[in-house]
Amino acid sequence: MNPIVSVEGLRKNFGKLEVLRGIDCEVETNEVVCVIGPSGSGKSTFLRCLNLLESITAGTVVVNGHKLTEPRPDLNRVRQDVGMVFQQFNVFPHMKVLDNVTLAPIKVSKHPPDQVRERAWALLEKVGLTDKADVYPSKLSGGQQQRVAIARALAMQPKVMLFDEPTSALDPETVGEVLGVMKDLAREEMTMIVVTHEMGFAREMADRVIFMDHGVIVEEGGPVQIFDDPQQERTQAFLSKIL
Amino acid sequence: MTFYFGDILPYLPILLKALWVSIYVSVAAFVAGSIIGAPLALAKAGPSRLLRTVSSTYIEVMRNTPLLVQLYLIYFGLGQVGLNFNPLWSALIGMTLNNSAYTAEIFRGGFAAVPAGLREAGSALGMSSVQTFRYVVLKPGLRAALPALTNQFIILFLYSSAASIISLNELTSALEDLNSETLRTLEVFTYGACLYYATSVLIAAGSRVTEKVAFRW
Amino acid sequence: MFAEFGVANLRPLLEGAVLTLYLVAMSGFFGTIIGLVFGMARVAPFAPVRWVAATYVNFIRGQPVLIILLFLYYAIPLMVPSATFARGPTAIIGLSVYAGAYIAEIVRGAIESVPRGQGEAASALGMGYLLRYRYVVLPQAMKVAVPPSIGFLISLVKASSLVSVINYVELTKAGAIVSNLNQEPLVTFLVVAALYFALSYPIALFGRWYERRLV
C-alpha cells in the first residue's frame, strides 16, 4: 500500500543541539500510530516536523504527496491536509466555539459558509458540544476546550491527524472524554499519529506503537509486542518505570 | 489667608471650554498617532532591514526627547524655514508624532503578548501569516494592549498642557490667565487640578467600559 | 547652518544640560524617598494610612507636571511671604512631588509582586513589621522595581523640560534664550533635542541591558 506519510533519514537540529538523529518511518492510510518515550526524546519535535511547524534540517518527508523537504513547500496547502491538536489546546479565546470551528474552512479553504456551518454542527455533535456552540472558550473546562480543538482540526477535512500529548494538560476527570472522541475517530479509520503518555489508549487503539529515545526510533511494533514483549533494553527500562 | 473657592465658580464655563480644547487635541493626536503607530510597529518587526532601522530610529528619537522641545521645533523651528504652523496645528502635529512612537511600542508589546501556541494553531490550520495576524493575533493583542494604551492616552492628555507654552488656548493657559486676572492662585489651580484629575479618572473608567464591551470574552 | 552654530551658542546649552542633570538627580533622589514612604503607605496594614497615601498618589498622577510647577511657582511666594523662593528649589520641589507619586506606584507594584508567603514566613519567625520589610520584603521588591524606575528616570529627564516655564535655565530654557538671540530656532532646538537624546538614550540602553540580565 502507498504510505500516506513517508519519512526517511529525518534529522532536526536546534542550533548545535541534535534533537532528531535520523528517523525512518512510514504510516499507512487509516493507521493509528502511537509514539511513546521519555521527555526530551524528540517525539513532539518529530510530530511538528510533519506539518512543518518545525523546519527540517535533513532527510526526506512526504505527507499525502507533498514533499516537505523541497526548497519552498506550500505550507498552507500542506497544513490543510494535516490536522493538529495541541497539548495546550490553543483554542481562540476571542471567538465562540462555533466560530473557532468555522474560521479556517471559510477563510483558508474558502468553502461556502453555509456548508461549513453545517459541517461544524455535525462535528460539534460528534464531540458532544452542540450545547456550547454559542459560548466563549473561557467558560469551558479543559476537556471541553480540547474537544473544540479536535472539532476545529477536523473541520478542515484533513487526511492525517496529529495529536501532540492531547491529554497531558487535562484534569484526570476530563481525560476520558477526550480519549473517547479520539477512539471514535480511530474507529472511523482516520489516519492518526498520536504522541501520548496514555498507555491504555495506545494498547487499545494503536495499530502500531513507536518507542523513541534520544532522537531515534528504538523499537516499533504492534501494541501487544511492545507492551508485553519489548525486545530492546531501553524500551524495557522505560516501560518498567511507567507501567 | 482666606480662601474663596466660590469666587472662581462664575469662571467655570471658560475653564470647561478650555478643557474641551485640551481634550479634543489629545484625542485627535492619540487617534492619529495610533494610526501612524500601527504600521510603524509592523515596520519595526518586519522583514525589511531598511524599514526596521528607520522605524527604530524614529521611535528612539521621539521617545528620548521632550515633547516641549518637539513643539518648539515645529512652532518656532519650522517657522524659520517658512513652514508656519499656528499653535493648534503645531500642537496637533507634535503630539501626534510624539504619540505615534509610544503607541508603536505598545502595539508591538500587545501583539507579542499573544501566546505562541495560538499562532501555531492558526498556522497548523493552514492560515498565512496575514490571516493568522488578522484572525488570531489582532483582537487578543489589542486587548492585551488596552491598559497600556489607556495609560498612554492619559499621559498624552496631561502633557497637552505643554502646548500652553506655545500659546495654545487650552486649559493650562486659561488657568494662567485666570490667575493673573483674579490673583486667586490657590483656588484657580485647585479647580484646574481637579478638572485634570476628573478627566483622567473618566478616561480610565471609559477604558474599563470599553474592555467590557469590545472584548466580551 | 550647523557650522555657524559654534561654541558661543553651544556653551550656554551645555550649561543648561548640566542643570538639567542636576535637577533630575535632586528630584530623583527626593522623589525616591517620597516614593518609598508613600509606596509602603499604600500597602500599610492601617486603612486610613492606605487611604491618605492612595489619595495623594492618585491625585498627583492625575495632574500635568506643569500644573504642579505653576502652582508652586505662584502659590509659594503667597503662602510664605517672607521667603522669595528661588526658582531652583521650586523646580526641585515640584519635580520631586511629581516623581514621588510615580515612584510610589512603582514601589507598591514591586512590594505586591513579592509572594505573600515571604512575609508570612517572616512573621512566623517572629519578625515585626519593620524587620520584615527591611530584611525580607523590600530587598526582593527592589529588584523588581529597578526596570520601571529606569524607565521613569527617562520620563523625569523629559519632564524637567517643563521647568523652563518658571524661567529656571535648564536645557530647554537655555535653548529658548539662545534661539531668541541668534534667531536660529531650528538649529538651536535640534541641538537641544540632540543633547536630551544624549542624556536619555544611554539610560534607556542601560535599562534594557539590566532587564536582559535579570532574565
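Keep in mind that what you see is a predicted model, and the values were worked out from it rather than measured.
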Interface moiety of [X] toward chain C, non-hydrogen atoms closer than 4.5 Å:
X: B:Ser200; value: side chain
X: B:Leu175; value: side chain
X: B:Gln70; value: neither

- By side-chain contact (heavy atoms from CB on, under 4.5 Å) - contacts of C:Phe29 (at least two apart): C:Ile33

- Query: Taking the inter-plane angle between the rings of B:Phe107 and B:Phe111 on a 0 to 90° scale, is it parallel (under 30°), tilted (30 to 60°) or perpendicular (over 60°)?
  - Reply: parallel

- Query: What pair of heavy atoms forms the shortest contact from B:Asn64 to C:Ser200, and how long is it?
  - Reply: OD1-OG, 2.5 Å

- Note on the structure: Note: C:Tyr201 and B:Glu60 closest approach over all heavy atoms is CE1-OE1, 3.2 Å

- chain B contact residues among residues 68-75 of chain C, heavy-atom distance under 4.5 Å: C:Leu70, C:Phe71, C:Tyr74, C:Ala75

- Who in residues 34-50 of chain C is close to chain B, using a strict under-4.5 Å heavy-atom cut-off? none

- Query: So, are B:Arg108 and B:Glu105 salt-bridged, with charged N and O less than 4.0 Å apart?
  - Reply: yes

- Query: Any Lys/Arg nitrogen of C:Arg208 or C:Glu211 sitting under 4.0 Å from an Asp/Glu carboxylate oxygen of the other?
  - Reply: no

- Side-chain donor-acceptor contact under 3.5 Å, B:Thr182 with B:Tyr11: no

- Task: Would you mind telling me which of C:Leu162, C:Ile154, C:Ile203, C:Val192 has the largest number of heavy-atom pairs within less than 4.5 Å of chain B?
- Result: C:Leu162

Report which part of [X] has an atom under 4.5 Å of a heavy atom belonging to chain B: side chain, backbone, both, or neither.
X: C:Ser179; value: neither
X: C:Ala198; value: neither
X: C:Ala204; value: side chain

- Query: Should B:Ser167 and B:Tyr75 be marked as a side-chain contact (heavy atoms from CB on, under 4.5 Å) after you check the CA-CA gap, both sets of side-chain angles, and the distance that decides it?
  - Reply: CA-CA 10 Å; B:Ser167 320; B:Tyr75 188 55; 4.2 Å; yes

- What residues of residues 24-53 of chain B sit under 4.5 Å from chain C when only non-hydrogen atoms are counted? none

